[in-house]
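Just follow the structure's listing: the first ligand is 1, and inside any ligand the first atom is 1. Note that these values count all heavy atoms, side chains included, but never hydrogens, waters or copies made by symmetry. Positions are given from 1, in the same order as the sequence printed here. Predicted model, so just to flag it, every value in this text is computed and none were measured.
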Amino acid sequence: MKAAILKKINEPVSIDDVDIPDPAENEVLIKQEYAGVCYRDLLAATGFFPRIALPMIQGHEIGGTVVKVGDKVEAFRPGDKVSSLIYIPCGKCEFCRSGNENLCPYKKSLGEEVQGGFRQYVNIPEISLVKAPNNVDGASLSLAACVTGMLYHALKRMGKAGEGKKVLITGAGGGVGIHAVEMAKAFGATVIAETTSPEKLDLLEKIGADYIVDGNSKFNEDVKKLGGADIVLECVGIYTFERSLRSLNNGGKMVIIGNVKPDPVSLPLGLIILKGNTIRGSISSTKKDVEEALNMVSKGMIKPIVGKEIDISQINEAYKLMKDKKSSGRIMIKF
Ligand SMILES: [Zn+2]
Ligand SMILES: [Zn+2]
């Protein structure tokens, strides 16, 4: 089978032939229909993660149908539909034991420290897998950990989004933002979508954004006119941060996700104190979040928004599209 392998930082990814692996005793071999392509993969290819082991099969948005299981695997059988976390948790630390494995300090990232999912057949340790209801489609299986499960964690577990809440989503036209709009609507929230791209307005309206504000302006003033935000899902970072903060209502929360750069922002402390605001980071997803996201797909509450399907040989072009912000919805490799 073909695999997309990063051999050197800042060089094009190679498409090589590799063998279909045999699962180790604690592993499951899954066959993918789709693999998600994430901005994080582009960051990895450009040297953002110093721990990356080269050569590396990239990709961490992995899901599919079980075809073979190792001798010690207990919870999965061939034919099961599964989604993988984007990492392998240690399973032993206090975070792992309390269902907060997204915070495991010993977790290993797929596609960075452990060979990833840009190949049709992937071997994954059982501890990273979640069983999906049978009616979940192939694209949703691969998006359940890094997109929908991650958003479930951020919007629901961290943000407590729900009916009667106004949620501002920044970067709403991006691959993550567009799914965030869809999910916040599914929770019954009123959604204000921020974007700098006029060409993404139609899609945002179609997905159900109640209001759209222009990221090139002082959008916090527009959000305030709409009644302010109870929750901000900050998907962009430095560029929108201060305007997002100024959009919050008293007691409002900002949940920060995405590939946040290490550069600092300035914090108007008085504003945060006077409004009693909370700013909180949200990282990845737990197995419970992935399960909840898959159930939402199964019940028809959300569906995958695939911007573009590509062949694995087009991965470098896909990176260029993401770099130039020319993609809306998720880019997915179709096998
Ligand atoms: Zn991802
Ligand atoms: Zn752990």
request  = Could you grab the angle centred on the Zn ion (ligand 2), going from SG in Cys104 to SG in Cys90, to 10°?
outcome  = 110°
key: Row check, Phe187 ring normal vs Lys156 NZ/CZ: under 6.0 Å, within 45°   = yes
ask   = Any chance CD of Glu199 has more than 12 other-residue heavy atoms, nucleotides or ligands included, within less than 6.0 Å?
value = yes
ask   = Do Asp19 and Arg119 meet the salt-bridge criterion of a basic N to acidic O distance under 4.0 Å?
value = no
inquiry  = Need one value: angle at the Zn ion (ligand 1), Cys38 atom SG versus Cys146 atom SG, rounded to 10 degrees.
reply    = 120°
request  = For the atoms SG of Cys96 and SG of Cys93, give the angle they form at the Zn ion (ligand 2), rounded to 10 degrees.
outcome  = 110°
key: NZ or CZ of Arg40 within 45° of Phe49 ring axis and under 6.0 Å   = yes
ask   = Can you tell me the N, O or S atom of His60 that's nearest the Zn ion (ligand 1)?
value = NE2
Cationic N near anionic O, under 4.0 Å, Asp80 to Lys131 = yes
query = Closer than 2.8 Å to the Zn ion (ligand 1), do we get an N, O or S atom from Glu61, backbone or side chain?
reply = yes
